[in-house]
Amino acid sequence: MTTDSQITIAPVRKICCIGAGYVGGPTMAMIAKQCPDIQVKVVDINEARIAQWNSDTLPIYEPGLHDVVVESRGRNLHFTAEVDEAIAEADMIFISVNTPTKDFGVGAGRAANLEFIEKCARKIAEVSSGHKIVVEKSTLPVRTAEAVKAILSRASSGATFDVLSNPEFLAEGTAVEDLLAPDRVLIGGESEQAIQALVEIYANWVPRERLLTTNLWSSELSKLTANAFLAQRVSSINSISALCEATEADVDEVAMAIGTDSRIGPKFLKSSVGFGGSCFQKDILNLVYLCEFFGLPEVAEYWEQVVKMNDYQKQRFVHRIVRTLFNTVSDKKIAIWGFAFKKDTNDTRESAAIYICRDLLREKAKLCIYDPQVNPEQIRKDLAAVLKNGDSELSQASAQLLADNVEIVSDLKTASKDAHAIAVLTEWDEFATADFASIHDSMKKPAFIFDGRNVLKELPLAELGFEYHGIGFRR
Ligand code: UDX
Ligand code: ADP
């Protein structure tokens, strides 16, 4: 590794980002927009994904992203599958590859799978020369930088490296806003010069007081901790939603009342059918694994409860549907409104909808799914993956269930026609403005709505004849 006295780091002119996903794509598009003098190349081994980034239909849906990409694409923003070349010519390399929860071997179901990170580090070591700054952007277990450094320091080419941690705090659905005006940017590292090189990039548009610098390990751990705290807030309010339903309190009123306490704050207090997304569950499980690894079982157990409460919330929602529909949903059509893990994204990773659909399918319900942005193939893929239940192949019975009981349609009306119930699983804005009178006419009676996001709560649905159920209150 380098030290400040050995090498003088020039301002960054060329950036390479490995991984053109939900993190790499938007982040690099913003850097390219704000720093026209820096050449930014985003690389990915998935050539189809690169082709999409170069087309009019971007691989990810994010409000405002298309404009940001088009502004710089071809000027100082390039998407390419020529990984080696882009790494070799860059001064700074961001690693933004996926780090899913391991589903095999030691730490299965908890630890992060760092295979893709390690492959990136090896690739960088292989093709680099001179001095480079390597930036961890993906969310990683604390002390991953140690492994990255160990691999890089053995580069046979004699190249030298500084490693920084610069975790991404953007939320999907608001990525462009979050990147444009972040609450803070966290940069952890050992070399002051390398830290400053990255600070200067962000300083092009982020006020300097929002650029926080820390040591490497604090930066890595802060990302996991931030997500664990946010998820804990959702699980906490969801736990109270169950108590509200038992006591005639209303969870939205409780959330508002406690959210006005400045020590608590209003955000991440919205009760829901359960949190999803690529980060929360993965990061908490990873924290749990780390705590166990470092001999802290009580701390591990404390955080694991956040995930357990989230599973309970999803199960509770399905139980409520089944119980209310006279204890059986077998052969009943249920319209599923929304499949993404939240609105304004086409991402379905860990979406509550996947587990709710799975459990309804196990009850032999007939599902008719509509989501404005999620690709139908993705929905089938996600359902097939959970119906496998850990097996390598989908059983014939499950494949049959998927073929016979799942229909994916392109509008709300078709989804709801002849349905016994509607289950709202994502809070898409368009749901609240649907034509509920005609939807009611087309449904089986009594017509039920189970609103897993409380987005239809203020509508006069009872007047139209619906039996309406939300989360955390009873009417
Ligand atoms: C999260 C973090 O917010 C972000 O900083 C980190 O970098 C990545 O993980 P993201 O997963 O994109 O971002 O979405 P977020 O808005 O945090 O929502 C996560 C889940 O919690 C969603 O399923 C959402 O619907 C749910 N949620 C969120 C609630 O149920 N209630 C809330 O009040 C807030
Ligand atoms: P995230 O939400 O963290 O951005 P994604 O799965 O959307 O996660 O994106 C990660 C991207 O990283 C994927 O497109 C994947 O193909 C890419 N990737 C994984 N490993 C490598 C690698 N060794 N080299 C280049 N790209 C990689």
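Atoms within a ligand are numbered from 1 in the order they appear, just like the ligands themselves. All residue numbers in this chain count up from 1 along the given sequence.
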Nearest heavy atom to atom 17 (C) of ligand 2, choosing from Leu170, Ile50, Asp44, belongs to Asp44
I need the atoms of ligand 1 closer than 4.0 Å to a non-hydrogen atom of Cys279, numbered in the order shown. 8 (C), 9 (O)
For atom 21 (O) of ligand 1, what's the nearest protein heavy-atom neighbour? Residue, atom name and distance, please. Phe275 CB, 3.2 Å
Ligand 1 contact on Glu168 by region, counting heavy-atom pairs under 4.0 Å: backbone
N/O donor-acceptor pair under 3.5 Å between Arg73 side chain and Ser55 backbone: yes
What protein heavy atom lies closest to atom 19 (C) of ligand 2? Include the residue and the distance to one decimal. Asn98 OD1, 3.5 Å
Please identify which atoms of ligand 2 are closer than 4.0 Å to at least one heavy atom of Ile18. 24 (N), 25 (C), 26 (N)
Determine whether the side chain, the backbone, both or neither of Gln313 has a heavy atom under 4.0 Å from any heavy atom of ligand 1. neither
Quick test: of every protein heavy atom, which one is nearest to atom 23 (N) of ligand 2, and how far off is it to 0.1 Å? Cys120 SG, 3.8 Å
Test of proximity, Val234 against ligand 1: N or O pairs below 3.5 Å: no
The answer for which part of Arg349 has a heavy atom under 4.0 Å from ligand 2 is side chain
Checking contacts here: is it the side chain or the backbone of Arg49 that comes within 4.0 Å of ligand 2, counting heavy atoms only? Could be both or neither. side chain
Gln34 CD to Asn76 CG distance, which is reported to the nearest 0.5 Å: 11.0 Å
Short version for Leu170: what comes under 4.0 Å of ligand 1, heavy atoms counted, is backbone
At under 4.0 Å between heavy atoms, what of Ser96 touches ligand 2? The answer is backbone
Note the single closest protein heavy atom to atom 26 (N) of ligand 2, along with its residue, its atom name and the distance in Å. Ile45 N, 3.4 Å
Gly21 heavy atoms, cut-off 4.0 Å: which ligand 2 atoms fall inside? 4 (O), 5 (P), 7 (O), 9 (O)
Considering only the protein, which heavy-atom contact is closest to atom 31 (N) of ligand 1, and what is its distance? Lys270 O, 2.8 Å
Would you mind checking which non-hydrogen protein atom is closest to atom 24 (C) of ligand 1, with the distance to 0.1 Å? Arg453 NH1, 4.0 Å
Can you find an N or O of Lys119 that's nearer than 3.5 Å to an N or O of ligand 2? no
Do we see a donor-acceptor contact under 3.5 Å between the side chains of Ser241 and Gln313? yes
If I compare all heavy atoms of Gly107 with all of Tyr289, which pair ends up nearest, and what's the gap? CA-CE1, 3.5 Å
Hydrogens and angles aside, do Asn346 and Tyr22 bring a side-chain donor and acceptor to less than 3.5 Å of each other? yes
Which residue holds the protein heavy atom closest to atom 12 (O) of ligand 2, what is that atom called, and what is the gap in Å? Gly19 CA, 3.4 Å
Counting heavy atoms under 4.0 Å, the part of Ile237 that contacts ligand 1 is neither
Considering only the protein, which heavy-atom contact is closest to atom 15 (P) of ligand 1, and what is its distance? Lys342 NZ, 3.5 Å
Which residue and non-hydrogen atom of the protein lie closest to atom 20 (C) of ligand 1, and at what distance in Å? Gly276 O, 3.4 Å
Going by the closest heavy atom to atom 20 (N) of ligand 2, which one wins out of Val97, Val23, Asn46? Val97
Any chance the side chains of Arg49 and Gln52 put a donor and an acceptor closer than 3.5 Å? no
